[in-house]
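Along the sequence shown, residues are numbered consecutively beginning with 1. Just so you know, these numbers come straight off a predicted model, no measurement behind them.
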Amino acid sequence: MATKVITVDDVDGYEGTDVAKRDFEVGGTKYTIDLGDGNFKKLQDLLDALAPYVEKASEVKQAGRARKSAADTGSRLQGYTNTDVRAWADQEGVEVSARGKIADDVYEKFIVAHPDAKPED
């Protein structure tokens, strides 16, 4: 028994034999779409018309830093939180930032003082 596969144009539903996967790129992002020759020509014309604008434009980056989830902001040590490390550092007179990344040397000192603290893998 044979199976017949019919590829359909994603834009207008056309089922011609010229419909195929067509790859294209816009702004550094690659896309693929099933198109017949007619719609692929239209896409190429649009991309050609858009190209001078994309080439002259600059990328807009999101302001500020992306928010981290609670899982991303956890300690690098099993059984202890960053709050524990900061509290210990404050009590011991070790300089540590109130927010943000804790320096590697602060973690190292904490591990020496807390032998049960194991670095996360």
Side-chain angles (χ1 to χ4, degrees):
M1 175 164 52
T3 302
K4 183 175 182 178
V5 176
I6 299 172
T7 305
V8 178
D9 188 301
D10 290 335
V11 174
D12 60 14
Y14 169 70
E15 296 181 3
T17 58
D18 61 328
V19 176
K21 283 214 176 300
R22 313 291 181 131
D23 297 335
F24 64 98
E25 186 175 327
V26 177
T29 302
K30 293 182 181 182
Y31 300 90
T32 190
I33 189 170
D34 293 334
L35 295 176
D37 289 343
N39 278 334
F40 186 55
K41 170 84 171 92
K42 289 177 187 177
L43 174 61
Q44 287 177 316
D45 291 345
L46 286 170
L47 292 173
D48 289 344
L50 182 63
Y53 299 97
V54 173
E55 289 171 9
K56 299 287 183 184
S58 56
E59 182 180 350
V60 177
K61 304 215 184 229
Q62 183 178 354
R65 294 170 52 180
R67 298 197 83 182
K68 293 184 177 183
S69 68
D72 294 335
T73 59
S75 177
R76 295 178 4 188
L77 305 174
Q78 291 179 352
Y80 292 92
T81 65
N82 283 340
T83 302
D84 296 331
V85 175
R86 285 189 168 90
W88 170 86
D90 186 53
Q91 186 178 29
E92 296 297 315
V94 176
E95 189 174 327
V96 65
S97 62
R99 294 179 43 189
K101 185 179 183 304
I102 296 174
D104 290 340
D105 65 327
V106 175
Y107 277 113
E108 290 168 11
K109 291 175 185 175
F110 185 86
I111 291 169
V112 169
H114 300 82
D116 61 330
K118 293 185 253 173
E120 292 278 358
D121 295 330

Worksheet item: Can you name the nearest heavy-atom pair linking D18 to G38, along with the distance?
Response: OD2-N, 4.4 Å

Worksheet item: How many angstroms lie between CG in N39 and CG in D9, if you round to the nearest 0.5 Å?
Response: 4.5 Å

Worksheet item: Does I33 belong to the same Ile/Leu/Val/Met/Phe/Trp/Tyr cluster as F40, with side-chain heavy atoms less than 4.5 Å apart forming each link?
Response: yes

Worksheet item: Same hydrophobic cluster for Y80 and V94, using side-chain heavy-atom links shorter than 4.5 Å among ILVMFWY?
Response: yes

Practice prompt. Mind listing the closest non-hydrogen atom pair of V112 and P115 along with its distance?
Written response: O-CD, 4.1 Å

Fill in: More than 12 heavy atoms from other groups under 6.0 Å of CD on E25
yes

Worksheet entry | Heavy-atom side-chain proximity of D90 to V96 below 4.5 angstrom | no

Discussion item. Looking at D10 and K21, is there a salt bridge between them, counting it only when a charged N and a carboxylate O are closer than 4.0 Å?
Written reply: no

Worksheet item: In this structure, are over 12 heavy atoms from other groups packed under 6.0 Å from K30 atom NZ?
Response: no

Worksheet entry | Short N-O contact, D37 and K41, less than 4.0 angstrom | no

Worksheet item: T81 versus D84: any side-chain heavy-atom pair under 4.5 Å?
Response: yes

Worksheet item: Within a reach of under 6.0 Å around OH of Y31, are more than 12 heavy atoms found that belong to other residues, nucleotides or ligands?
Response: yes

Worksheet entry | Atom pair NZ/CG of K42 and D45 - distance to nearest 0.5 Å | 10.0 Å

Practice prompt. List the steps and the verdict of side-chain contact (heavy atoms from CB on, under 4.5 Å) for V19 and V8.
Written response: CA-CA 6 Å; V19 176; V8 178; 5.7 Å; no

Worksheet item: Rounded to the nearest 0.5 Å, how far apart are OG1 of T83 and CD1 of I102?
Response: 8.0 Å

Discussion item. I'd like to know if F110 and V106 are part of one continuous hydrophobic network [Ile/Leu/Val/Met/Phe/Trp/Tyr, side-chain heavy atoms within less than 4.5 Å].
Written reply: yes

Worksheet item: Roughly how far, to the nearest 0.5 Å, is CG of D48 from CG of L43?
Response: 9.0 Å

Discussion item. If I take atom CG from residue L47 and atom CG from residue L50, how far apart are they, to the nearest 0.5 angstrom?
Written reply: 6.5 Å

